[in-house]
Amino acid sequence: MINITLPDKSVKQYEAGITPMDIARDISEGLARNVLAAKVNSEVKDATLPIEEDVKLSLLTWNDTDGKAAMWHSSAHLMAEAIELLYPGVKFGIGPDIENGFYYDIDFGDHAISEKDFPKIEQKMLELAREKQTFDRKEVSKSEALDYFGKKGDEYKIELINDLEDGEITFYSSGYFTDLCRGPHIPDTSPIKAVKLMKVAGAYWRGDENRKQLTRIYGITFPKKKELDEYLVLLEEAKKRDHRLLGKELELFTFSQQVGQGLPLWLPKGAELRERLEQYLKRVQKEKGYDQVITPHIGNVKLYKTSGHYQKYGEESFRPIKTPVEGEEFFLKPMNCPHHCEIYNAFPHSYKDLPLRMAEFGTVYRYEQSGELHGLTRVRGFTQDDAHIFCTPDQIKEEFNGVIDIIHQIFNALDFKDVSIQISLRDPDNKEKYIGSDENWEKAERAIIEVAEERGLDAHIEYGEAAFYGPKMDFMVKDAIGRKWQLGTIQVDYNLPERFDLTYIGSDNEKHRPVMIHRAPFGSMERFVAVLIEHCAGNFPLWLTPDQVIILPISEKYQSYAENVLNLLKKYEIRGLIDGRNEKTGRKIRDAEMKKIPYMLIVGEKEENEGTVSVRKHGEGDMGTYDIEGFAKLINDEVAELLADK
RNA sequence: GCCAACAUAGCUCAGCUGGUAGAGCAGCUGAUUUGUAAUCAGCCGGUCGGGGGUUCGAGUCCCUCUGUUGGCUCCA
């Protein structure tokens, strides 16, 4: 007999060789129907594999991430089977489960596949799923495996097998389809009740752009049709929040073919909003001891040879600009740091000057591959809320703390509640890759980890993800519908101080090398605004939104009263406009709601006589009557609350 | 850059297998003077992304360029 410990800590005894499926059946028939896989100790396995010794066991269902993964991985096999039946002779790459569904990379040979083919593949998958095909695991020797795919003529699988050790190779067969696969899989295909293929895309074999591009088909499956429908609704919701759509509707920004792809044009409302963000950050930074600087948009090629960027990115950048007479070469600046290093070098520095914090909303230009461009999130010209802190190695910790304060403060003001952090450190097994002394790296890495610990930040460490010039800390936010975005960053840099020969005189009257910290709380204004739009679905925080109020006179008779109200509100620093159109109030309200203006003030005879406004809040409705001062206080209190340094 | 799809009025879209462009909204004009999510009527508006080809005839078929979208690769 063996002891099986279940998640509720209860222990059950069974004959050795029992399967998780049998145990599920022993617990309840209902559970058995829902079991997709099993977690045996810490490994996820097929629910049909026998257990021979004492283990901890969790039975995984659709409610478990690992259960979903098994289902989706099995769905990838099911799709492959359907495709193999419909398009004989295709060759298969890899087909894993992903966060939302699965994909399979397939070489269709000369046959071009498109989304038009999806319905027939989906139908075939459902048909096969109904056959309740089991996933049968089989251990095979390397030569058997090579023999099978050799006969099939699938060079991709052969390449994969060649990278595996003999003895660790398993095949899974379901219905007419056999695949090289580590598993685990669901017991049979019956839980796959709803299938949706999402998109086709090209994907390089093994992610290598020099190798053949396979056709990747993405899909997702569910145990209930209803869940698929809900998922599609969620996708619709994400679509409605798309910053490219809202950017156009709310007149925030646009693009022009004439100006060039990836070069955003900020419209008045968008520019005003962005300016407000910048002013806010500037104010916070001023309080925290930053100095604002301004540098030009181009820099001599020599600057980038010194910084090393020329050697690294020269060929993949925009081509240099040449002066007509001297033939001198200049590059559009791809980052601000080299310019800032030269500002540092303009004067000698004492240790007493440090830390020196140099901030600039610097617009930079980077050549991005055309296929990479996307709305405001990936562009060729953008403005970083950049700053460089020049400090001693001992000051790193304190400076990190200061930057984190700023980041928290602004995320808070913008209603990003769910913030997580990635700390990227050196690959401990590969220290030669990095510039800078071992001692300095250790000091910086320790400082970053300590800061995260002392502040109790939700941080995780990634080894080997540091830049070659220093460790970094990246800030991720989760938006209102649960998507993760990478925003701010803080990076330690030992490289540029070296390359630009930055020094300060220490208390020992000797020259020392400062450390540089790059930091950008928003990252780029463009990307940040995009994320903000999607996060708040265009309903910006009151302090930031282009128009805070719109005054809706009931008829032209009340136009002058509306103007009086607007002028009074201006005195309280409240931004607004009047909808003086010859339209019915219902229409004006509707239009104001669509423009997502936070407050609507309806004024007619009653209000004019009493010197009041009738307040309607966006998305909520009638709030009753306020006098002007009372309303101004309502607005200003709300703004103060949002901007309070919590 | 690569794979695939798409590109028709300012916006959202219709236009079957090729016969010479249509709706709603927006805009303009007029009527209406309006009380919490669309008042009515009329008018204006497109060399169907650019170029080339097939055809008696191309928005529709083919090639090519540009751009957009979804991925891949990349991201100082």
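Everything quoted here is computed from the prediction, not taken from an experiment.
A/His618 has no side-chain polar atom (N or O) that falls below the 4.0 Å cut-off from OP1 or OP2 of B/A37. Side-chain N/O atoms of A/Arg244 include one lying less than 4.0 angstrom from OP1 or OP2 on B/G70. Not one side-chain nitrogen or oxygen of A/Ser114 sits closer than 4.0 Å to the OP1 or OP2 atom of B/A5. Within the structure, a side-chain polar atom (N or O) of A/Arg587 is placed less than 4.0 Å from OP1 or OP2 of B/U39. Residue A/Arg216 has no polar side-chain atom (N or O) positioned under 4.0 Å from OP1 or OP2 of B/C3. Taking only side-chain nitrogens and oxygens, A/Gln261 comes nearer than 4.0 Å to OP1 or OP2 of B/G67.
Centroid-to-centroid, the aromatic rings of A/Tyr304 and A/Tyr310 stay 6.0 Å apart or farther. Remark: aromatic rings of A/Tyr365 and A/Phe318 are distant, center separation not under 6.0 Å. Aromatic rings of A/Phe390 and A/Tyr344 (six-membered ring for Trp) have centroids within the 6.0 Å cut-off, being under it.
Mapping A/Glu556 and A/His374 onto RNA chain B by nearest heavy atom places A/Glu556 at the nucleotide closer to the 5' end. Two residues, A/Tyr558 and A/Lys199, neighbour RNA chain B, and the one matched to the more 5' nucleotide by heavy-atom proximity is A/Tyr558.
Within the shown strands, B/G1 is the pairing partner of B/C72 under the Watson-Crick or G-U definition, both distances less than 3.5 Å. Applying the Watson-Crick and G-U wobble criteria (two distances, each under 3.5 Å), B/C48 pairs with nothing in any strand. The pairing partner recorded for B/U17 is none, the criterion being a Watson-Crick or G-U wobble arrangement whose two distances lie under 3.5 angstrom. Look at B/A41: its Watson-Crick or wobble partner, with both distances under 3.5 angstrom, is B/U29.
A/Tyr367 contributes no side-chain N or O that forms a donor-acceptor pair with the base of B/G1 under 3.5 Å. Interface remark: the A/Arg590 side chain does form a donor-acceptor pair with the B/A38 base, using a distance-only criterion of under 3.5 Å. For B/C74, the base has a donor-acceptor partner in the side chain of A/Arg378 [N/O atoms by modelled type, under 3.5 angstrom]. Evaluation of atom-type donor-acceptor distances gives a pair under 3.5 Å for the side chain of A/Gln213 against the base of B/C2. In this model, a side-chain donor or acceptor of A/Glu607 finds a partner on the base of B/G35 within 3.5 Å.
Nucleic acid contact class of A/Ser614 (heavy atoms, under 4.0 Å, all strands): base. Here A/Lys584 lies in heavy-atom contact (under 4.0 Å) with a base. Note on A/Glu605: a base of the nucleic acid sits closer than 4.0 angstrom, heavy atoms only. At a threshold of 4.0 angstrom between heavy atoms, the contacts of A/Ser370 include nucleobase atoms, whether or not backbone atoms are also involved. Contacts of A/Lys588 with the nucleic acid, taken as non-hydrogen atoms under 4.0 Å apart, are absent. Contacts of A/Gly604 with the nucleic acid, taken as non-hydrogen atoms under 4.0 Å apart, include base atoms. A/Gly207 comes within contact range of the sugar-phosphate backbone alone, with a heavy-atom separation under 4.0 Å but no base atom that close.
The nearest whole Å value for the distance from the CD atom in A/Glu583 to the C1' atom in B/C40 is 11 Å. At whole-Å resolution of the value, NZ in A/Lys472 and C1' in B/C75 are 10 Å apart. To the nearest angstrom, P of B/G71 lies 16 Å from CG of A/Leu197. Rounding to whole angstrom units, OH of residue A/Tyr103 and C1' of B/C3 are separated by 15 Å. Going from atom CD1 of A/Ile554 over to atom C1' of B/G35 covers 4 Å, rounded to whole Å. With rounding to whole Å, A/His340 atom NE2 is found 15 Å from B/A76 atom C1'. Regarding A/Leu303, its CG atom lies at a distance of 13 Å from the C1' atom of B/A76, rounded to whole Å. In this structure, A/Ile217 atom CD1 and B/G70 atom C1' are separated by 14 Å, rounded to whole Å.
Out of B/A76, B/C74, B/U36, the shortest distance to the side chain of A/Glu368 is found at B/C74. Here B/U36 is the nucleotide among B/C72, B/U66, B/U36 with the atom lying nearest to any side-chain atom of A/Ile602. Closest to the A/Ala201 side chain, of the nucleotides B/G71, B/A76, B/A37, is B/G71. Relative to the side chain of A/Met594, the nucleotides B/A37, B/C75, B/U36 differ in distance, and B/A37 lies closest. The side chain of A/Glu593 approaches B/A37 more closely than any other nucleotide in the set B/A76, B/G35, B/A37. Distance from the side chain of A/Ser317 is smallest to B/A76 among B/A76, B/U36, B/C11.
In the model, A/Tyr204 has no side-chain atom that pairs as donor or acceptor with a side-chain atom of A/Asp105 under 3.5 Å. For A/Asp479 and A/Trp485, the side-chain atoms include at least one donor-acceptor pair closer than 3.5 Å. For A/Gln257 and A/Gln261, the side-chain atoms include no donor-acceptor pair closer than 3.5 Å. Under the 3.5 Å distance criterion, with hydrogens and angles disregarded, a donor-acceptor pair is assigned to the side chains of A/Asn539 and A/His618. The closest side-chain donor-acceptor pair between A/Thr625 and A/Thr612, if any, does not fall under 3.5 angstrom.
B/G59 sits 13 Å from B/U47 when the P atoms are compared, rounded to a whole Å. B/C3 sits 11 Å from B/C65 when the P atoms are compared, rounded to a whole Å. Taking atom P on both B/G22 and B/C43, the two are 14 Å apart, rounded to the nearest angstrom. With both ends at atom P, the span from B/G18 to B/C61 equals 8 Å, rounded to whole Å. For the C1' atoms, the distance from B/U60 to B/G15 is 9 Å, rounded to whole Å. B/C44 and B/G10 have their P atoms separated by 16 Å, given to the nearest Å. Comparing B/C74 with B/A37, their C1' atoms are spaced 46 Å from each other, to the whole Å. The same atom, P, is picked in B/C13 and in B/A31; the two are 36 Å apart, to the nearest Å.
Environment of CD in A/Glu99: sparse, with no more than 12 heavy atoms of neighbouring residues, nucleotides or ligands closer than 6.0 Å. Shown here is A/Glu230, whose CD atom has more than 12 heavy atoms of other residues, nucleotides or ligands within 6.0 Å.
Stacking between A/Tyr218 and the base of B/G71 is absent under the criterion of ring centres within 5.5 Å and planes under 30 degrees.
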